[in-house]
Amino acid sequence: MTNIWDSLGPEVDDVDEEAFLLFSQAIPSQNLGFVDHAATLLELTIRDRDLEIRQSPTVLASNRDGGTTGAVVWKITPLVAAWLASSLNLIFRSGILNSDSTILELGCGISGIIGLAVAPYIKTYVLTDQDYVMKLLKQNISENQHEKPSSKGRKSAAKSKKSAPSSTKGSSNIIAQPLDWETDEITPSLTGSNSEQSFDLVLACDCIYNDALINPLVQTCVSACKLRRSDSLGKQPALCVVAQQLRSAEVFESWLREFYRHFRVWRVPDEELNDGLKSNSGFVVHIGVLR
């Protein structure tokens, strides 16, 4: 078991400098970052497992109040799924995640890809987003519950040479429920279990693109991580993992400034990431622990 803080290296201590360093990289053009905004069905391979993910271009193109971005899959999602589901991932390697862990994902969208990839190796994975994604999200979970060995010739969205943790569970330990960052309260009931009162890890993947949502998102992260402080089992502090595409320096800096007010922050270094997430990829992963 390794010390995660040794693997993470120096803590972020200057918001302006962190934003400057990241946006000084040679960021490739990702357009908005969709995998394929026009497809109703995506075939993806995550860690040698084939997934068929249904999405809704119609909802994406609609004028629905409250946003539509959760209706399709974004490029960073399968990359984070492959990274987090690896046994060599620093969070599993350090023992923070294990077969008894519970993860909360915020803003998961319709796919459930990260939950499908990681759930077999932990106790419970809770997927949350607005109510409009729930029908397709639950359908995608149901249709991809059973292991599908990778088919030769299928295009892979995120392959990795790193191995996965030992799997002891099926995808029946995935919970999907609506959560609105602006209106809903975070309580222990969100774990979906009477025996679990808090989360080991809170994940937000590609949720930062709109200034108006920065404060609600960060406050939701704070509230979810604070559940651990009142957990009578006295477990280690919850980690907050935020993965995002680098689109707007101004929006990123606004997020980091607010996140930094509440969390100690580390950027995950290249040696701890899969190739698709490293420097100059246009993506970045940060880890936070409540101050």
Side-chain angles (χ1 to χ4, degrees), residues 34-36 39-56 70-89 91-92 97-130 133-151 154-160 162-179 190-193 199-207 241 243 274 276-277 285:
F34 308 118
V35 172
D36 183 344
T40 57
L41 182 68
L42 293 178
E43 294 183 341
L44 303 171
T45 301
I46 310 292
R47 308 209 55 82
D48 297 323
R49 179 181 175 189
D50 285 349
L51 302 175
E52 294 183 349
I53 302 298
R54 300 182 186 277
Q55 55 177 22
S56 179
V72 296
V73 178
W74 298 77
K75 290 179 181 178
I76 191 174
T77 304
L79 295 170
V80 170
W83 170 71
L84 193 55
S86 166
S87 64
L88 298 182
N89 178 288
I91 307 175
F92 272 109
L97 285 183
N98 54 53
S99 59
D100 290 323
S101 298
T102 301
I103 293 177
L104 171 67
E105 183 177 346
L106 305 174
C108 66
I110 47 83
S111 74
I113 289 172
I114 303 176
L116 287 163
V118 178
Y121 314 116
I122 64 171
K123 184 176 181 180
T124 308
Y125 198 105
V126 182
L127 292 160
T128 65
D129 207 319
Q130 295 183 66
V133 309
M134 286 296 127
K135 182 179 178 180
L136 265 184
L137 174 61
K138 291 178 180 179
Q139 183 176 355
N140 281 323
I141 294 169
S142 175
E143 293 179 353
N144 290 279
Q145 277 185 348
H146 303 294
E147 189 78 13
K148 299 177 184 177
S150 179
S151 303
R154 171 173 288 190
K155 182 179 179 181
S156 173
K159 286 191 175 181
S160 170
K162 296 181 179 180
S163 59
S166 298
S167 173
T168 58
K169 301 178 178 68
S171 295
S172 59
N173 58 334
I174 298 177
I175 299 170
Q177 53 185 306
L179 179 69
L190 197 58
T191 64
S193 167
F199 299 97
D200 296 283
L201 187 147
V202 176
L203 171 67
C205 182
D206 214 9
C207 293
V241 177
N274 294 353
L277 292 171
V285 182

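Because the structure is a prediction, the values reported are computed rather than measured. In what follows, every heavy atom counts, from backbone to side chain, and hydrogens, waters and symmetry copies are set aside.
- A perpendicular orientation is assigned to the rings of Phe92 and Tyr121, their planes being inclined by more than 60° (bins at 30° and 60°).
- Under the side chain to side chain contact (heavy atoms under 4.5 Å, CB included) criterion, Gln139 pairs with Arg54, Leu136, Glu143, sequence neighbours left out.
- Here the side chain of Asn173 pairs a donor or acceptor atom with the backbone of Ile122 at under 3.5 angstrom.
- Evaluation of the side chain to side chain contact (heavy atoms under 4.5 Å, CB included) rule for Ala81 yields Ile46, Ile113, Ile114, Ala117 as partners, not counting sequence neighbours.
- Here the shortest heavy-atom pairing between Asp129 and Cys108 reads OD2-N, 3.3 Å.
- A donor-acceptor contact shorter than 3.5 Å links the side chain of Gln55 to the backbone of Asp36.
- Contact detail for Val241 and Trp83: the closest heavy-atom pair is CG1-CZ3, 4.2 Å.
- Not one N or O on the side chain of Asp200 forms a donor-acceptor pair closer than 3.5 Å with the backbone of Leu97.
- Of the possible donor and acceptor atoms, one in the side chain of Ser101 sits under 3.5 Å from a partner among the backbone N and O of Asn98.
- For the atom pair SG of Cys205 and CG of Leu79, the computed distance is 8.5 Å after rounding to the nearest 0.5 Å.
- Leu116 approaches Ser111 most closely through the heavy-atom pair CD1-O, 4.1 Å.
- A donor-acceptor pair under 3.5 Å links the side-chain atoms of Asn140 to the main chain of Ile110, judged by distance alone.
- Every side chain to side chain contact (heavy atoms under 4.5 Å, CB included) that Ser193 has, sequence neighbours left out, goes to Thr191, Ser195, Glu196.
- Under a 3.5 Å cut-off, the side chain of Thr128 and the backbone N or O of Glu105 do form a donor-acceptor pair.
- Here the closest non-hydrogen pair linking Ala119 and Ile174 is CB-CG1, 3.5 Å.
- The main-chain N or O of Ala243 is never found under 3.5 Å from a side-chain atom of Asp206 such that the two would form a donor-acceptor pair.
- Residues Asp50 and Thr45 have side chains that bring a donor and an acceptor to within less than 3.5 angstrom of each other.
- Pro120 approaches Gly115 most closely through the heavy-atom pair CD-O, 4.4 Å.
- Taking all atoms of both residues into account, the shortest heavy-atom contact from Ala176 to Lys138 is O-CE, 3.7 Å.
- Between the side chain of Asn89 and the backbone N or O of Ile91, at least one donor-acceptor pair lies under 3.5 Å.
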